Peer 1: 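Shown below is the structure under consideration.
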Amino acid sequence: MELEGMMLSEISDMQTMKVNQTVLKEFILVGFSVYPRVQAFLFVAFLCLYLLTLTGNLAIMGLTWVDRSLHTPMYLFLGALSFSETCYTLTIIPKMLADLLTENKSISVMGCGLQMCFFLGLGGTNCIILTLMGYDRFLAICNPLRYPLLMTNGVCGQLVASAWGGGFLISLIETALIFRGSFCSPNLVKHFFCHMRTVVRLACIDSDLTESIVTMISVSGLMGTFLLIIITYVFILSTVFRIPSAKGKQKAFSTCASHLTVVIIHFGFAAIVYMKPETSGGDDTLMSVPYTVITPFLSPLIFSLRNKDMKNSFRKVLGKRSFLNK
């Protein structure tokens, strides 16, 4: 009886310790604090990239809004992508910049969940919109006569809404799986934002299983959308190669070059982060910088610099402003 009582007492003490251990109200984002000597440099570099990213995306959204010649599905998709990427960077970069300047790098558990939900949702939305942009180019090149009937502005709006719905549906599922239970100490998130694979490892139970499930969902989403884009470009290339004139081929390629470049950069950097084996090592913090900072910076740059219509629209707007000032 005494032995049984001691065992029950030990079990009770262990349960009490477990409860005390799992009552976490906040996480600490370790982030770049492991590189104290370069935090000031990183702040300046990331701030400049962020401001340029915002400027590029806002310029694209503004031009597609004010210039009626850009009120076509291709540019409506581009404007939707710019808006999505603007929201995407807002969920990560301002908090990261603040943490680079302060010693208090904490984030509440609820705030962490919201950040993760919006980050995953907007990342998924970006992937789907890029897929829809490939589908738009497929219809324009492979079915040019039926294109005005198949891809209207109304259809474009419905597809963009479905992209947001699909992205956030997956995000809510993944976030709910990760935050369904409690978290154990230590509350150190070895990242500069609430990255799902880093946070899920702090869960008290079934962390390995949950990590495998959410990683499989993310990888499936990435691979699925990327394969759809590849399939559309197989049909596009087969159609372009049948165009008799070299000028026609060049025109068809020019409408796809910017999109294809962004797709390669976007999915390439994402694959490095989400498909990296656990045994490969490496710093996840540094590996996420291209996907969260550099890709959103390059995207509007590529779409604006390589697009004649965007550059002409920009010149037109500047011309009107200079005329009004006179």
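Since this is a predicted model, take the numbers as computed values, not measurements.
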Peer 1: Could you grab the distance from atom OG1 of T225 to atom CD1 of I129, nearest 0.5 Å is fine?
Peer 2: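 Nearest 0.5 Å value for the OG1-CD1 distance: 12.0 Å.
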Peer 1: Quick one: are V214 and I178 in side-chain contact, heavy atoms under 4.5 Å?
Peer 2: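 Yes, close enough: below the 4.5 Å cut-off.
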Peer 1: Would you say Q39 and S33 are linked by a side-chain donor-acceptor pair, where the criterion is simply a distance under 3.5 Å?
Peer 2: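 Checked: S33/Q39 side chains show no N/O donor-acceptor pair below 3.5 Å.
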Peer 1: Would you say the side chain of Y88 lies within less than 4.5 Å of the side chain of T125, judging by non-hydrogen atoms?
Peer 2: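 Answer no - side chains too far apart.
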Peer 1: Heavy atoms, side chains only, cut-off 4.5 Å: are C112 and F193 in contact?
Peer 2: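 No; the side chains remain at least 4.5 Å from each other.
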Peer 1: Taking atom types as modelled, is there a side-chain donor on N104 or T102 under 3.5 Å from an acceptor on the other?
Peer 2: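 Side chains of N104 and T102: no pair found under 3.5 Å.
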Peer 1: Around atom CZ of F226, are there more than 12 heavy atoms from other residues, nucleotides or ligands closer than 6.0 Å?
Peer 2: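 Counting other residues, nucleotides and ligands, CZ of F226 stays at 12 neighbours or fewer.
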Peer 1: Consider only side-chain N and O atoms of S299 and H266, and report whether a donor and an acceptor are under 3.5 Å apart.
Peer 2: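 No - no donor-acceptor pair under 3.5 Å links their side chains.
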Peer 1: Determine whether more than 12 heavy atoms belonging to other residues, nucleotides or ligands lie under 6.0 Å from atom OH of Y233.
Peer 2: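 Counting other residues, nucleotides and ligands, OH of Y233 exceeds 12 neighbours.
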Peer 1: Measure centre to centre between the rings of Y50 and F297, then say whether the value is under 6.0 Å.
Peer 2: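 So the answer is no for these two rings.
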Peer 1: Side chains of H195 and T285, heavy atoms from C-beta outward: is any pair under 4.5 Å?
Peer 2: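 They are not in side-chain contact.
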Peer 1: Please round to the nearest 0.5 Å and tell me the distance separating atom CG of N126 and atom OG of S82.
Peer 2: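 Result: 9.5 Å between the selected atoms.
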Peer 1: Under a 4.5 Å cut-off applied to non-hydrogen side-chain atoms, are M96 and V293 in contact?
Peer 2: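 In contact.
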Peer 1: Taking side chain as C-beta onward, heavy atoms only, is I93 less than 4.5 Å from T292?
Peer 2: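 A side-chain contact is absent here, since even the closest heavy-atom pair is not under 4.5 Å.
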Peer 1: Taking everything shown except Q250 itself, do over 12 heavy atoms lie less than 6.0 Å from its CD?
Peer 2: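 Counting other residues, nucleotides and ligands, CD of Q250 stays at 12 neighbours or fewer.
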Peer 1: Do F303 and H259 have ring centroids that are under 6.0 Å from one another?
Peer 2: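 No - the distance between ring centres of H259 and F303 does not fall below the 6.0 Å cut-off.
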Peer 1: Heavy-atom distance under 4.5 Å between the side chains of D99 and F192, does that happen here?
Peer 2: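 No; the side chains remain at least 4.5 Å from each other.
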Peer 1: Does the side chain of F118 reach to within under 4.5 Å of the side chain of L90, using non-hydrogen atoms?
Peer 2: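 No, their side chains stay 4.5 Å or more apart.
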Peer 1: How many angstroms lie between CZ in F43 and SG in C48, if you round to the nearest 0.5 Å?
Peer 2: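 Answer for the CZ-SG pair, F43 versus C48, is 9.0 Å.
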Peer 1: With a 6.0 Å cut-off on ring centres, are F183 and F27 close enough?
Peer 2: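 When the ring centroids of F183 and F27 are compared, they turn out to be within the sub-6.0 Å range.
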Peer 1: May I ask you to check whether F138 and Y147 place their ring centers less than 6.0 Å from one another?
Peer 2: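 Between Y147 and F138, which both carry aromatic rings, the centre distance is not below 6.0 Å.
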Peer 1: Does any donor atom in the side chain of T210 or R180 lie under 3.5 Å from an acceptor atom in the other side chain?
Peer 2: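 Yes, a side-chain donor-acceptor pair sits under 3.5 Å.
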